[in-house]
Amino acid sequence: MTIFNEKIDRLKTSSVKWELTKEIFGEADLWPMWVADMDFKPPQAVIDAIKNRVDHGVFGYTFVPPSAAGALVDWLLKRHQWKVNQSWLLYCSGVVQAISAAIQSFTEEGDRVLLQSPVYTPFFEMIKKNNRIVVNSPLTLVNEKYEIDFASFEESLQQGCKLFLLCSPHNPSGRVWTREELLKIGELCLKYNCLILSDEIHSDIIYKDFKHIPIASLSSDLSERVITLMAPSKTFNLAGLQASAVITKNEGLRNQFHETLSRQGVFSLNTFGMIGMEAAYREGEAWLEELIDYLQENKEFVLDFLKEHLPEISCVKSEGTYLLWLDCRKLNVTDDELRQLLIEKGKLALEPGTKYGPGGEGFVRMNIACPSEDVKEGLVRLKRALE
């Protein structure tokens, strides 16, 4: 039996996914397939490394050792053919913190920041909370696949955007951008002197026949104008350890970012975050390959179930991540009505598409990173909600 079939009780662990449904959705007894973490244990090497550090028993001030940076550098070269120097790295507790710090570092209040909806909710939140102006160039859905409207993208850049937030791979749809698309994005951002902040936190979970390409790896010019955000949190289910990396070749940008972190009193990662990160990148590859195969099976099961039982719901073509973006517009119900059906009839918690900005209306996001039996239960509840 695969390790991913193991059912693990996450109650009484302060799990956002399992214990905050009452606060988020208004009811406690919901089947949670919403927030983006997995119901799987991480690689055993991660658990062992943390246990060994606990057994040492002393938890004083620590720094991120060169061995942790080396693990990430080696991982990026092997998995993504991206050659990075350890000197290019900085660290944050999480990607959302890094997004906020980047906005503070590279823009001023009142500046315009570009994004592409529907997209990860904190993109909007961090722009607004830092008193910047959201400029949106919406993605276009063509044959169940999102595409970039480059005419709209260029028009948006012409408004004087200082920073573009790229979601690569795309959350919530799972789209993996091609080399050609990334080069066009880079060409236009260079033309209009717009920095690129590339959130690549989902970059390691990519399905067969697709490949993630770090946009900073495409040219020397782009490497100087891109700040890349990565973390082991999605890949290895380590979000609670709160460790992420900020990568940029440009020393000036790196110094600006570091200065912002210093003003905020951020100087290192927590002990278990850096230990978990190093162990995951050093010894987690075989586990990851098995995970991707398992997620592929879960995804295919969902697609088959929808086709047979809920043909009015289609799924945007997912090329990466463990998230499925379900198009419910043919149900001819409002977003509020859909939410009510899911919660009251189905007892099912899915992320409402409206959270992801314009273009999210009529969609829901489903997390399939759980045992296959739990995916099946969620689909039974989805069907019940809509009967």
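Only this structure's heavy atoms are used, side chains among them; waters, hydrogens and symmetry mates stay out. For the single chain, residues carry numbers from 1 onward in sequence order. Just so you know, these numbers come straight off a predicted model, no measurement behind them.
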task: For atom CD of E251, decide whether the heavy atoms of other residues, nucleotides or ligands shown that lie under 6.0 angstrom number more than 12.
output: no

query: In Å, rounded to the nearest 0.5 Å, how long is the span from CG of N367 to CG of D37?
result: 7.0 Å

- prompt: Checking W34 side chain against P352 main chain: does a donor-acceptor pair fall under 3.5 Å?
  reply: no

- request: Mark yes or no for whether D199, through its side chain, and S168, through its backbone, hold a donor-acceptor pair below 3.5 Å.
  value: no

- prompt: Between C315 and E144, which heavy-atom pair has the shortest distance, and what is it?
  reply: O-OE1, 3.6 Å

query: Should the heavy atoms of other residues, nucleotides or ligands under 6.0 Å from CG of D55 be counted, would the total exceed 12?
result: yes

query: Is it true that the NZ or CZ of K162 lies under 6.0 Å from the centre of F106's six-membered ring and within 45 degrees of the ring axis?
result: no

R225 side, atom CZ; L190 side, atom CG - distance, nearest 0.5 Å: 7.5 Å

- prompt: Under a 4.5 Å side-chain heavy-atom rule over Ile, Leu, Val, Met, Phe, Trp and Tyr, are I313 and L379 clustered together?
  reply: yes

message: Strictly distance-based, threshold 3.5 Å: is any side-chain N or O of S198 a donor or acceptor partner for the main-chain N or O of E200?
response: no

message: For residues 82-94, which residue pairs pass the side-chain hydrogen bond (donor to acceptor under 3.5 Å, both in side chains) check, not counting sequence neighbours?
response: S93-Q97

- prompt: How would you list all residue pairs meeting side-chain hydrogen bond (donor to acceptor under 3.5 Å, both in side chains) that involve residues 112-127, not counting sequence neighbours?
  reply: S117-N136

query: Under the side-chain contact (heavy atoms from CB on, under 4.5 Å) test, which residues partner V58, sequence neighbours left out?
result: H56

query: Between the side chain of W31 and the main-chain N/O of V375, is any donor-acceptor distance below 3.5 Å?
result: no

query: Can you tell me if NZ on K376 sees more than 12 non-hydrogen neighbours from other groups inside 6.0 Å?
result: yes

task: Measure across L348 and L30 and return the closest heavy-atom pair with its distance rounded to 0.1 Å.
output: N-CD2, 4.0 Å

- prompt: Can Y322 be reached from V46 by stepping across I, L, V, M, F, W or Y side chains whose heavy atoms are under 4.5 Å apart?
  reply: yes

- prompt: Considering residues, nucleotides and ligands other than F267, do more than 12 of their heavy atoms fall under 6.0 Å from its CZ?
  reply: yes

task: Work out which heavy atom in A68 is nearest to a heavy atom in E278; give both atom names and the distance.
output: N-OE1, 3.5 Å

- request: Please collect all salt bridge (Lys or Arg N to Asp or Glu O under 4.0 Å) contacts where either partner lies in residues 313-326, sequence neighbours excluded, each pair once.
  value: K145-E319, R175-E319

field: Over 12 foreign heavy atoms within 6.0 Å of NZ, K78
entry: no

query: Please walk me through it: do L342 and R384 pass side chain to side chain contact (heavy atoms under 4.5 Å, CB included)?
result: CA-CA 9 Å; L342 292 172; R384 182 193 309 152; over 6 Å; no

message: Using a 6.0 Å cut-off, check whether atom NZ of K7 has over 12 heavy atoms from anything other than its own residue.
response: yes

task: Just grab all the side-chain hydrogen bond (donor to acceptor under 3.5 Å, both in side chains) pairs involving residues 345-356, residues at least two apart or on different chains.
output: E27-K347, E351-K355, Y356-R365

message: Just to verify, what does T248 make a side-chain contact (heavy atoms from CB on, under 4.5 Å) with, not counting sequence neighbours?
response: I227, N250, L253, R254

